[in-house]
Amino acid sequence: MEDKDIIYPKGIKWTRQRKDVCKVLMEAKEPLSAVQIYNRILKREEEVNYAVSTIYRILAMFEKAGFVEKSTYMGDGTVLYEWSKGGHTHYAVCLVCHKRVALRACPFAHLHLDEDMGDFTVTGHKLELYGYCKECRKN
């Protein structure tokens, strides 16, 4: 993905480091940890003059601005980030290889949670299903 092909969201100053993180997240097919993002940047750039701690700061700023969705893998507490596509995604997660498979639709989309919950106002939700992917079931 070339810089000229990306329309960066307004509201922040787009430094080289922020653009690097943005590109990796936009190209990713599944949520990534800060270390995974950093390693992908290292593979594509000849010279990276910043540390993983910079990635964490950028991700925190992106989350605050609403550019990324943050989730935690319940198995080991790994924090993962995904570029926000205007909605939200739920995943099935393999307990062996940790592969994440996006669900095609939100299973809660048809519920009227505000009505169903009475005195509780729902502002969001997350769902992860755990099991075994096709490859790991074979083994």
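- You'll find the side chain of Tyr38 reaches within 4.5 Å of the side chain of Val48, heavy atoms only.
- Gln17 is not listed as a side-chain neighbour of Asn49, based on a closest heavy-atom distance of 4.5 Å or more.
- Looking only at side-chain heavy atoms (C-beta outward), Val101 and Lys99 come within less than 4.5 Å of each other.
- For the pair Thr15/Tyr50, no side-chain contact is recorded, criterion being any heavy-atom separation below 4.5 Å from C-beta on.
- Residues Ile12 and Trp14 have side chains in contact (heavy-atom distance under 4.5 Å, counting atoms from C-beta outward).
- Note that CD1 of Ile55 is 12.5 Å distant from CZ of Arg40, once rounded to the nearest 0.5 Å.
- Between the NE2 atom in His98 and the SG atom in Cys94 there is a gap of 8.0 Å [rounded to 0.5 Å].
- In terms of heavy atoms, Leu80 sits closest to Pro31 at CB-CB, 3.7 Å.
- Listed here is the closest heavy atom pair of Ser33 and Thr78: CB-CG2, 4.1 Å.
- Once rounded to the nearest 0.5 Å, the distance linking CG of Leu42 with CD1 of Ile37 reads 12.0 Å.
- Residues Ser84 and Phe67 are not in side-chain contact: their nearest non-hydrogen atoms beyond the backbone lie 4.5 Å or more apart.
- Between Ile58 and Asp20 the shortest side-chain heavy-atom distance does not fall below 4.5 Å.
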**Report entry** side-chain contact (heavy atoms from CB on, under 4.5 Å) between Leu129 and Val93, worked out
**Finding:** CA-CA 6 Å; Leu129 304 174; Val93 182; over 6 Å; no

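- Between Ser71 and Arg100 the shortest heavy-atom distance is OG-NH2, 3.7 Å.
- Residues Arg18 and Met61 are in side-chain contact: their nearest non-hydrogen atoms beyond the backbone lie under 4.5 Å apart.
- Of the charged side-chain nitrogens involved, none lies within less than 4.0 Å of a carboxylate oxygen, so that Glu82 and Lys29 do not count as a salt-bridged pair.
- In this structure, OH on Tyr81 lies 10.0 Å from CG on Leu25, to the nearest 0.5 angstrom.
- The two residues Trp83 and Cys22 make their nearest non-hydrogen contact at CH2-SG, 3.6 Å.
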Requested in this report: Tell me, with the steps shown, if Lys23 and Arg44 meet side-chain contact (heavy atoms from CB on, under 4.5 Å).
Outcome: CA-CA 11 Å; Lys23 285 180 208 173; Arg44 85 163 34 151; 3.3 Å; yes

